[in-house]
K.L.:
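Below you'll find the structure I mean.
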Amino acid sequence: MASSTPPTLTTAKPYQNHHIQNIQNQHHRRTHNGHNSLHPPPPRNPTAAKPPAPIPATVAAGTHRNPNFTPLSSSKSELAADFSGRRSTRFVSKMHFGRQKSGGSIRHSIVAEDALQQLIRCSGDDRLIESVLLSFQSKLCGSDDYNFVLRELGNRNEWSMAIQCFEFAVNRERRRTEQGKLASSVISVLGRLGKVELAKKVFETAVSEGYGNTVYAYSALISAYAKSGLCDDAIKLFETMKLSGLKPNLVTYNALIDACGKGGADFKRASDIFDDMLSNGFQPDRITYNSLLAVCSGDAASSGGHMDYAFQIMAEMTAKNIMPNEVTYSTVIRGCAKSGRLDQALSLVSEMKYANISLDRVSYNNLLAIYASLGRFDEALNVVKEMENTGLKADVVFYSEIIDSLCKKGFVESSALLLDEMTKKGIQPNVVTYNSIINAFGHSGEARLTNDNKREIVCLENGEKKVTNRDEDRIINVFEQLASGKLNIGEKGRKEIICVLGVFRKMHELEIKPNVVTFSAILNACSRCSSFEEASLLLEELRLFDNQVYGVAHGLLMGYRENVWVHALSLFDEVKRMDSSTASAFYNALTDMLWHFGQKRGAQMVVLEGKRRQVWENTWSDSCLDLHLMSSGAARAMVHAWLLNIYSIVYEGHELPGLLSILTGWGKHSKVVGDCALKRAIETLLGSMGSPFRVATSNIGRFISPGPMVAAWMRESDTPKLLVLEDDRAYPQTHPNLQPLVL
DNA sequence: GTAGGGTTAG
C-alpha cells in the first residue's frame with residue numbers, strides 16, 4: 001500500500017518554478033484522493049464516502065489553468081531535488097539578484113544563448129543533449145561560448161548537463177589553453193553547486209590529461225573546497241600547487257582566505273595566509289579584505305573577540321583607500337548581530353547610509369533581522385517600505401521573517417494580518433510562512449485571532465452556514481462542530497484551534513503544498529494539546545495532507561503498532577532521504593506526540609528505529625548515552641531503552657564500565673540558549689526510578705554513575721519493571737508473525 | 001578562477 005504511494009515528504013523550496021509547483025499540486029491531489037489510506041476513518045456523513053475525498057476546488061481547478069500539465073512520470077529528477085536536503089535559498093537567490101559579472105563586455109555569441117535554450121529543454125535526456133550539442137558544434141565560438149553555457153547551466157542546477165557539455169567541448173578542442181579554460185569553468189560551476197567531489201574528479205582528469213596544471217584550475221578547486229567548507233583540503237591543495245611549481249596569484253590567495261571563513265578556521269590561520277600573501281608581494285584588494293572580515297564575522301565571532309579585529313581591518317582598508325562597499329558592511333553588520341551587538345550593527349547601517357552606500361537586498365535583510373530580533377516590528381515593516389521605495393521588491397522571505405518573529409513573540413494575530421497583507425500585495429506566502437504560524441499553535445498564552453477568524457466564529461456561532469460548493473468539506477465540518485460546542489475542548493483551545501484551522505484552510509485555498517516541516521509542526525502542535533480530541537482535529541488536517549504520515553502517526557497513537565509498523569518503516573525510508581536535522585526533527589516530533597499521549601512503547605520503537613538509522617548521529621555505547629539532539633519525549637524513551645540494554649549486560653553476568661554517563665547538553669541546541677528543558681526532564685525521570693545517576697560537577701549537562709552502583713540498582717527487584725515501557729492503548733497483534741520489539 | 005544575507009521544525 002504505502003510502497004505504491006509516490007514520495008510525499010518534501011522540503012520543497014520557495015524558489016521552485018511553476019513547472020515543479022504544478023507537478024507537486026498534481027501529486028498533492030493524488031494524495032488527497034487517498035487510495036493508500038492506512039486507516040480510513042469512518043465517513044462523517046454519507047456524502048463523505050463518495051470518492052473523491054475532499055479536494056479544495058481551487059486545487060482541482062488547476063488542471064484548467066494549465067492544460068500542458070507535465071506527467072508525474074517525467075518529473076523524477078525535479079522531485080528528487082526535494083530530497084536533496086539543501087536548505088538555504090542563498091545560492092539560488094544570488095543567481096537572480098546577485099551582482100552582475102564585472103568586466104562588462106559580453107563575450108559569448110548569440111548562438112550560445114540559443115544553444116542554451118535548446119539544451120535546457122532536453123534536461124534529463126543525455127542523447128537529446130548530445131544531438132543538440134552536435135547541431136551547434138560548428139556554430140559555437142570556442143571556450144567563451146561554452147563557458148557561458150556552462151555557467152548558465154550551473155545557474156539552473158543542471159550540473160550533470162554541464163559535465164556532459166564540458167566533456168563534449170574538451171574532447172573536440174585541441175588547444176591546451178582552451179581546454180584549461182573549460183576545465184576551470186566547469187570546476188567553478190560544480191563548486192558553486194556544492195559538487196566538490198565531481199569538481200575534484202574533473203580537476204584530476206584535467207591534470208592527468210595535461211591541461212589542468214594551471215593557476216586557474218587550482219584556484220577554482222580551492223574555491224570549490226571553500227564553498228563546501230573544506231578549509232583543510234583547500235590549504236592542502238594550495239601547498240600541492242606550490243610544490244608543482246605554480247605561483248599562486250591574488251585570486252588564489254583570496255579564495256584561500258575565503259576558505260578559512262567558510263570552513264570555520266580561526267582568525268589566526270586566515271591572518272597567517274594574509275601575511276604570507278603580503279610577503280610574496282601581493283597587495284590585498286577589497287575582496288581580500290572582505291574575505292578576511294568574513295573570517296572575523298564567522299562562528300568564532302559569536303563567542304566574542306574577533307569583531308574588534310573586524311573594525312581594525314575596516315580602518316586599515318579606509319587608510320589604504322580601499323573603500324568599504326555594501327559587501328564589507330553587510331559582513332561586519334552580520335558579525336555584530338551574531339555576537340549580540342545589535343546597537344553597533346544598527347549604527348553601522350547608519351554609517352553605511354552616511355557614506356552613500358546604497359543598501360541592497362542583503363543589507364535590507366540584515367536590517368530586517370536586527371529589528372525583528374529586537375522586537376521592533378514597526379521598524380521592520382518600515383524596512384520593507386524603504387526597500388520598496390529604493391526600487392527593490394520585498395519577497396516572500398522578507399515577509400516570512402517578520403511573520404515568524406511575530407509568531408515567536410506571541411503575536412499570532414498580527415502575523416496572520418501580515419499574511420493577509422502580503423497576499424493582497426501579490427506576494428504569495430509559501431509553506432515556510434505557514435509553518436511558522438502552525439508552529440505558534442499552543443505556544444501563545446491566549447488565543448489571538450485574526451479578524452477573519454473572528455468573523456468566522458461569529459458566523460458559525462450564529463448558525464450561518466458558509467456557502468461552499470463541496471458538502472463534504474471536512475474543514476468546514478470541523479468548524480461547525482467547534483461552533484456548536486459538541487467537542488470537548490475548552491474555550492481557549494477552541495478559539496485557538498479555529499485560528500489554526502483557518503490557517504490550514506488558506507493553505508488549501510492557495511494550493512500550498514505542505515512538507516515534512518509542516519508534518520513535524522502538526523505533530524508538535526498535537527503534543528501541546530491538552531485533550532485527545534483537540535489533537536485529533538489536528539491529525540485530521542494531517543490526514544487531508546498526507547495519508548501515509550497520518551496513517552503511521554494515527555496508528556501508533558491508537559496502539560495498532562504491529563499493523564502499522566511496516567508502513568512506519570517505509571515512511572522512515574523516505575525521511576532517511578532528508579538531511580539529518582530535518583529527519584531528527586521529524587522523529588522528535590512523532591515521538592513526543594506518542595509520549596505525550598501515553599504511547600510510550602510506540603515512542604520507544606520510533607526512537608530505536610531512528611537510532612538504528614543513525615538519525616541522531618551518535619547516541620549510545622555501553623558507557624555513554626548522548627541525548628543532546630533529542631526532544632524530551634525521544635530522550636526519555638531512549639533512556640529506558642539504553643537502561644534496558646545495560647540491564648541485559650548485568651543480567652548476562654558481564655561487568656559494566658567503571659563510569660556510565662548520560663549527556664543531555666545544557667541547552668546549547670535549544671532555541672533559547674541555556675534552556676535546559678531536556679536536562680530537567682531527564683533528571684526527573686532518573687530520579688523517579690531511583691537510579692544512582694547524578695549531575696556531574698564538571699559538566700552540568702551530564703549525569704554520571706559508577707558502574708557498580710548501576711549494577712546494584714539493576715539487581716533490585718523493582719528495577720526491571722520500572723524500565724519496561726507500555727502503551728496506554730494497545731491492541732492484540734493481528735499479525736502473529738511479526739516479532740515483538742526486541743531490544 | 002576570488003568577497004556578504006535570508007524565513008519554518010531543532
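A, B, ... follow the sequence lines: proteins, then strands. Residue 1 opens every chain.
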K.L.:
May I ask you to say what Ser584(A) touches in the nucleic acid, namely base, sugar-phosphate or nothing, with a heavy-atom cut-off under 4.0 Å?
P.N.:
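The residue Ser584(A) makes no contact with any strand.
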K.L.:
Quick one: Tyr253(A) OH to dT2(B) C1', roughly how many Å, whole number?
P.N.:
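To the nearest whole Å, that distance equals 14 Å.
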K.L.:
Any N or O donor-acceptor pair linking the side chain of Asp404(A) to the base of dT7(B) at under 3.5 Å?
P.N.:
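A donor-acceptor contact between them is absent.
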K.L.:
I need the CZ-C1' distance between Arg334(A) and dG5(B), as an integer number of Å.
P.N.:
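Spelled out: CZ on Arg334(A) to C1' on dG5(B) is 5 Å.
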K.L.:
Is a donor from one side chain sitting under 3.5 angstrom from an acceptor on the other, for Lys181(A) and Tyr146(A)?
P.N.:
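Tyr146(A) and Lys181(A) do not have a side-chain donor-acceptor pair below 3.5 Å.
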K.L.:
Can you check whether Ala634(A)'s main-chain N or O pairs, donor with acceptor, with Thr591(A)'s side chain at less than 3.5 Å?
P.N.:
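No.
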K.L.:
Going by the rule side-chain contact (heavy atoms from CB on, under 4.5 Å), which residues pair with Ser271(A) if we only count those two or more places apart in sequence or in a different chain?
P.N.:
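side-chain contact (heavy atoms from CB on, under 4.5 Å) check on Ser271(A) returns Phe267(A).
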K.L.:
Verify the contact: side-chain N or O of Lys262(A) to OP1 or OP2 of dG4(B), cut-off strictly under 4.0 Å; return yes or no.
P.N.:
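Yes, because at least one side-chain N or O of Lys262(A) sits under 4.0 Å from OP1 or OP2 of dG4(B).
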K.L.:
Looking only at N and O atoms, is any donor in the side chain of Thr331(A) or the base of dG4(B) less than 3.5 Å from an acceptor on the other one?
P.N.:
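Under the 3.5 Å cut-off, the side chain and the base do not form any donor-acceptor pair.
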K.L.:
OH of Tyr364(A) versus P of dT7(B): gap in Å, rounded?
P.N.:
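It is 20 Å, rounded to the nearest whole Å.
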K.L.:
Of the listed nucleotides (dA3(B), dT7(B), dG1(B)), which one gets closest to any side-chain atom of Val327(A)?
P.N.:
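Of dA3(B), dT7(B), dG1(B), dA3(B) is nearest to the side chain of Val327(A).
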K.L.:
Aromatic contact between Tyr434(A) and Phe504(A), with the criterion being ring centroids under 6.0 Å apart: yes or no?
P.N.:
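Ring centroids of Tyr434(A) and Phe504(A) are no less than 6.0 Å from each other.
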K.L.:
Taking CZ from Arg192(A) and P from dT2(B), how many angstroms apart are they, rounded to a whole number?
P.N.:
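Arg192(A) atom CZ is separated from dT2(B) atom P by 7 Å.
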K.L.:
Give the nucleotide from the list dG5(B), dA3(B), dT2(B) with an atom nearest to the side chain of Ala255(A).
P.N.:
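From the listed options, dT2(B) comes nearest.
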K.L.:
Taking CG from Leu293(A) and C1' from dT2(B), how many angstroms apart are they, rounded to a whole number?
P.N.:
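Leu293(A) atom CG is separated from dT2(B) atom C1' by 15 Å.
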K.L.:
Report yes if a donor N or O on one partner sits less than 3.5 Å from an acceptor N or O on the other, where the partners are the side chain of Asn249(A) and the base of dG1(B); otherwise report no.
P.N.:
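Yes, a donor-acceptor pair under 3.5 Å.
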K.L.:
The side chain of Val432(A) is closest to which nucleotide in this list: dT8(B), dG1(B), dA3(B)?
P.N.:
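Out of dT8(B), dG1(B), dA3(B), the nucleotide with an atom closest to Val432(A)'s side chain is dT8(B).
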K.L.:
Suppose we screen for side-chain contact (heavy atoms from CB on, under 4.5 Å). Which residues come up paired with Lys242(A), at least two apart in sequence or across chains?
P.N.:
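Here the qualifying residues are Phe238(A), Glu239(A), Pro248(A), Asp276(A).
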K.L.:
Are the ring centres of Phe274(A) and Tyr253(A) closer than 6.0 Å?
P.N.:
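Distance test on ring centres: not under 6.0 Å, no.
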K.L.:
Tell me the interatomic distance from Asn588(A), atom CG, to dT8(B), atom C1', rounded to whole angstroms.
P.N.:
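So the CG-C1' distance, Asn588(A) to dT8(B), works out to 16 Å.
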K.L.:
Find the distance Arg107(A):CZ to dG1(B):C1' and express it as a whole number of Å.
P.N.:
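Distance, rounded to whole Å: 12 Å.
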K.L.:
Heavy atoms from C-beta onward define the side chain here; which of dG4(B), dG5(B), dG1(B) lies closest to that of Asn365(A)?
P.N.:
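It is dG5(B).
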K.L.:
Whole angstrom is fine here: how far is it from OH in Tyr434(A) over to P in dT7(B)?
P.N.:
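In whole Å, dT7(B) P and Tyr434(A) OH are 20 Å from each other.
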K.L.:
Looking at Asn325(A) and dA3(B), is any side-chain donor or acceptor paired with a base atom of the opposite kind under 3.5 Å?
P.N.:
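In this structure, the two groups form a donor-acceptor pair.
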K.L.:
What nucleotide among dT2(B), dA3(B), dG10(B) has an atom nearest to a side-chain atom of Ser188(A)?
P.N.:
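Nucleotide nearest to Ser188(A)'s side chain: dT2(B).
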K.L.:
State whether the distance check finds a donor on one side and an acceptor on the other, under 3.5 Å, for side chain Ser581(A) versus base dG10(B).
P.N.:
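Donor-acceptor pair under 3.5 Å: yes.
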K.L.:
The side chain of Ser184(A) is closest to which nucleotide in this list: dG1(B), dG4(B), dT2(B)?
P.N.:
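Of dG1(B), dG4(B), dT2(B), dG1(B) is nearest to the side chain of Ser184(A).
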K.L.:
Confirm from the modelled atom types if Asn366(A) and dG4(B) form a donor-acceptor pair under 3.5 Å, side chain to base only.
P.N.:
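A donor-acceptor contact between them is absent.
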K.L.:
Base, sugar-phosphate, or nothing: which does Ser363(A) touch, judged by heavy atoms less than 4.0 Å apart?
P.N.:
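Base contact - Ser363(A) has a heavy atom under 4.0 Å of at least one base atom.
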K.L.:
Over all strands shown, is Val332(A) touching base, sugar-phosphate only, or nothing at heavy-atom distances under 4.0 angstrom?
P.N.:
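No contact.
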K.L.:
Name the closest nucleotide to the Asn290(A) side chain, picking from dT2(B), dG1(B), dA3(B).
P.N.:
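The listed nucleotide nearest to Asn290(A)'s side chain is dA3(B).
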K.L.:
Carefully, step by step, assess Glu326(A) and Arg361(A) under the rule salt bridge (Lys or Arg N to Asp or Glu O under 4.0 Å).
P.N.:
CA-CA 10 Å; Glu326(A) 69 281 6; Arg361(A) 296 187 72 79; over 6 Å; no
K.L.:
Given dT7(B), dT8(B), dG4(B), identify the nucleotide with an atom nearest to the side chain of Asp360(A).
P.N.:
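Output: dG4(B).
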K.L.:
Give one of base, sugar-phosphate or nothing for Tyr399(A), where a contact means two heavy atoms less than 4.0 Å apart.
P.N.:
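Since no nucleic acid heavy atom lies under 4.0 Å of Tyr399(A), the category is nothing.
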K.L.:
Starting the side chain at C-beta, find the nucleotide from dG1(B), dA3(B), dT7(B) nearest to Lys227(A).
P.N.:
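Between dG1(B), dA3(B), dT7(B), the one nearest the side chain of Lys227(A) would be dA3(B).
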